[in-house]
Amino acid sequence: MAATQTEGRSSSSKNASGGGGLSLEMKMLLPVLLLLAILSVFPFFYIIWMSLNTVSLINGISFEFAGLSNWTRMFTDVIVGAAWVRAALYFVATVGLEMVLGVAIALLVHELVWGKNLVLSLLLLPMFMAPVIVGLLGRFLTDSSYGLYAFVLRELGIFEKDILGTSSSALTAVILMDVWEWTPLIILIVLAGLASVNQYVIEAAKVDGANYVERLRYIVAPSIAGVVVVALLVRSMDAIRYFDIITVTTNGGPGNTTKIIPIRLYETAFRFFDLGYAAAIGLGMLVFSILVANVFVRILDSKGLAK
Amino acid sequence: MRRRVSRRGFLKMTGAGLAGAAVLGAAGCGGGSATSGSSSGDMWEQFAGTTLNFVSENTSPTSAIAANLNGFKELTGINVNVLQLELGALVQKVALDIGSGEGAYQVVYADPYQIMAPYHEALADLTEFNADENLPSIPKGVDDFIPTQLAAAGRFENEENLYALPYDCPTMIWMYRKDLFDKYGDQMSQDLGFDPTPSPSVTWEQYFQIANWFNENQDEVPYGTGHQARQYDSLMCDFSNILWSYGGDYFNSKGVGSLGSADPGPCTLDEPEALEAAAFYKKLVSIAHPGSVSWDWNATDEAFRTGQIAMAPNWHEFAAVDQDPAESTIVGKIGYSPLPKGPVRNANMWGGTGVGINGASPIDEQRAAWLFLVWATSPETMLMGMKSDVGGGTPTRGSLYELPEVKKAMEPPSNMPNLLTYDAVSEAWKPENIGLRPKIQSWNECDTALYTEVSKMLAGLKSPEEAMTTAKQYFDDAQTRVENLAARPRGVA
């Protein structure tokens, strides 16, 4: 048995060092890699091909090579351009608010001595709801006739129009719905980071006379910086794809004020069935996501956290 | 009480028996078909064991059919799986099924604008099945269907082909709080200088004044009127009634709303009548319940039946739920009228649909699907649907409205509450009053452009002129693109 094991290890080592053929590990991974390739790589290249064609379902599915015309159209399409601008605004607002609120609440929860678990459980509840349900809840609460929030705002004289039907308030409302749902995720991630801060260092700082702000700035913040960037990355990827709440509440209205790029993509693909153009828009979103992800990965890498 | 359809009962109803012919043909409403429902038992059982998939919008008539499929199974031995979806999801599934050539859904709820117009060539021509001596023919013939609905729901571009049988017929009418009009009518009349009683002779301008009067002179309802002005199909439907009543239209092509057209010509939304209609619609919604700009038809009816508004243009099929004590606070207090008229005419948006057969399905499945179509659109099944606890549509067959029990249900108390709207909808279905949106292949894109621009207008982001001019540009671009696509030969990916 020992000889066989030795032979096995030798064989593996010989393959790993380029002695010919696939290594054992690669052979074991091959079926899964092939499956992933079929599920991911093939559709990916198919979508790229679609984006270079005019695809139609009228009179049966048909492809006609169109070169870069879908891409040209995307860069000159006023509606798509406006959707990107709104998406950027939405992205900055939601992710920004979630990060600020998430970190602040995490710091407060971390300081709790009694009832921490109960408070945390309550804070995390929104995160477990399906986005569609959050949208419906938001729609009911902001309804002009019977919505609680609409009633309170009206009675206080703060806002008397229909919240989701007014261009000045609709985008704010859907942003706040997203913030309500996903700030708990940031809280959870940051709390995990706070738990790993070296308490001896904190105590030593207290002994040395550092106040809360100084401890936060010079000890806690650098310690949790990597975790915060991870949280930022996770939410950023989601925020770019945001779809459910807007579809359920405003459907991109009123007057397209909440029509961000995923909504326009859905419309183009599954309402107009302009599949080639939709493929181009989708790939545009993918490129944007990759660029954003790369920025965060570089930040993590600079902190030595990417490996 | 639900009635199970026995094969013997169905054979009687289709005219093989004299009893059915006597009841349905009594008022001379049997139409001109000489072979009104010829069939025999063997015809119905020849596809026993087949399974069909029926994909439909989540509408009341389909709910009634889904709840009573045993009758069809007993008659034919065919199993039917009913898939009910929201309209957008339905269109997706059908378009992808047609595009793939799979034919997984043999029976299709063929929305005239979003499915039939762009994909009519993928639907089977039903005239072949109807003429086949080995298959049952349409009971009482195609002429029993209401003519405007047969053209709009069943045909595209010409009267030779038949792609769907009329299945449902929701129509927008004026729903109003009869009790409030009775209470305040005299005072309104005195203040406004005209008789405010809802009727097709009331103008839209007068409707506006009535709504404003309610806003300012009573507190039983918060607002006089409500509208389905959400950035969605609903906004297009609500706006279109006014557009047509002012003499405007989407295209100048004759018959584009009825039979439809592959080439309707340039869009006419920038013409003076359309601009005037848009300006009026903006004015009207500005005094409506503020929730209107985020309401679709469901939310508008919810507001109406919970006492938030005194009146609204909405689909007549909501009458059933409005008269349900479990859902409504205004049971017995509702009146119905055709919509007001504009400077040119009355116009009442028709939103009906037919059921068709997927031409990509195997031929035997298509023939089995034909049996289902005949059954689902038969007078017997439509009558059953009207009485169903889960249903609530109104029939697309003229003969049914002559039945004594149906006539009785047109007056309260009614066990078929949608028939309480009959006087209004029968007026609305007349050719001069019906409102038919364009049946064109690019309608999905045009519809989106229209309701987006009107929503921008209502949000104060564009003037009526800007909104209509931009919409026209999008209409023309979309139609050009689709015409070019349709002209290409069919290909394979």
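Reminder, nothing fancy here: chain letters follow the sequence lines and each chain counts from 1.
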Is it the side chain or the backbone of [X] that comes within 4.5 Å of chain A heavy atoms, both, or neither?
| X | answer |
| --- | --- |
| B:Trp295 | side chain |
| B:Glu445 | both |
| B:Glu453 | neither |

Atom pair CG (A:Asp143) and OG (B:Ser294), whose distance is rounded to the nearest 0.5 Å |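 So the gap between those two atoms works out to 6.5 Å.
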
Student check: side-chain heavy atoms of A:Ser145 and B:Gln308 closer than 4.5 Å |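 Counting from C-beta outward, A:Ser145 and B:Gln308 do come under 4.5 Å.
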
Is any side-chain heavy atom of A:Ser167 less than 4.5 Å from a side-chain heavy atom of B:Leu461?
-> yes

Testing the basics here: between [X] and [Y], what is the closest heavy-atom pair and its distance to 0.1 Å?
| X | Y | result |
| --- | --- | --- |
| B:His289 | A:Ser144 | CE1-CB, 3.7 Å |
| A:Gly255 | B:Ser455 | N-OG, 2.6 Å |
| B:Thr448 | A:Phe272 | OG1-CE2, 3.2 Å |

Between A:Asp274, A:Thr249, A:Ile163, the one whose heavy-atom pairs under 4.5 Å with chain B are most numerous = A:Thr249

Determine the option with the most heavy-atom pairs under 4.5 angstrom with chain B, choosing from A:Asn256, A:Thr257, A:Leu164, A:Thr268.
->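 Of the candidates given, the most pairs with chain B belong to A:Asn256.
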
Portion of A:Phe270 that has a non-hydrogen atom of chain B nearer than 4.5 angstrom |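 The answer is both parts of A:Phe270.
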
Relative to chain B, which segment of A:Thr250 carries a heavy atom at a distance below 4.5 Å: side chain, backbone, both, or neither?
->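 Interface part for A:Thr250: backbone (N, CA, C, O).
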
May I ask you to decide if B:Tyr232's main-chain N or O and A:Asn251's side chain share a donor-acceptor pair within less than 3.5 Å?
->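 Absent.
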
Can you tell me which residue pairs pass the ring pair (Phe, Tyr, Trp, His ring centres under 6.0 Å) test with a partner in residues 235-261 of chain A, sequence neighbours excluded?
->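 Checked against ring pair (Phe, Tyr, Trp, His ring centres under 6.0 Å) - neighbours excluded - the pairs reaching residues 235-261 of chain A are A:Tyr90-A:Tyr242, A:Phe243-A:Tyr266.
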
B:Tyr474 vs A:Ile79, side chain to side chain contact (heavy atoms under 4.5 Å, CB included): CA-CA, chis, key distance, verdict = CA-CA 11 Å; B:Tyr474 283 126; A:Ile79 299 178; 3.3 Å; yes

Check ion pair A:Asp162-B:Arg230 (N to O, under 4.0 angstrom) =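 Looking at B:Arg230 together with A:Asp162, the answer is no, because their closest N to O distance does not fall below 4.0 Å.
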
Would B:Gln92 and A:Phe273 satisfy side chain to side chain contact (heavy atoms under 4.5 Å, CB included), going step by step from the backbone distance to the final call?
-> CA-CA 8 Å; B:Gln92 274 178 50; A:Phe273 292 100; 4.2 Å; yes

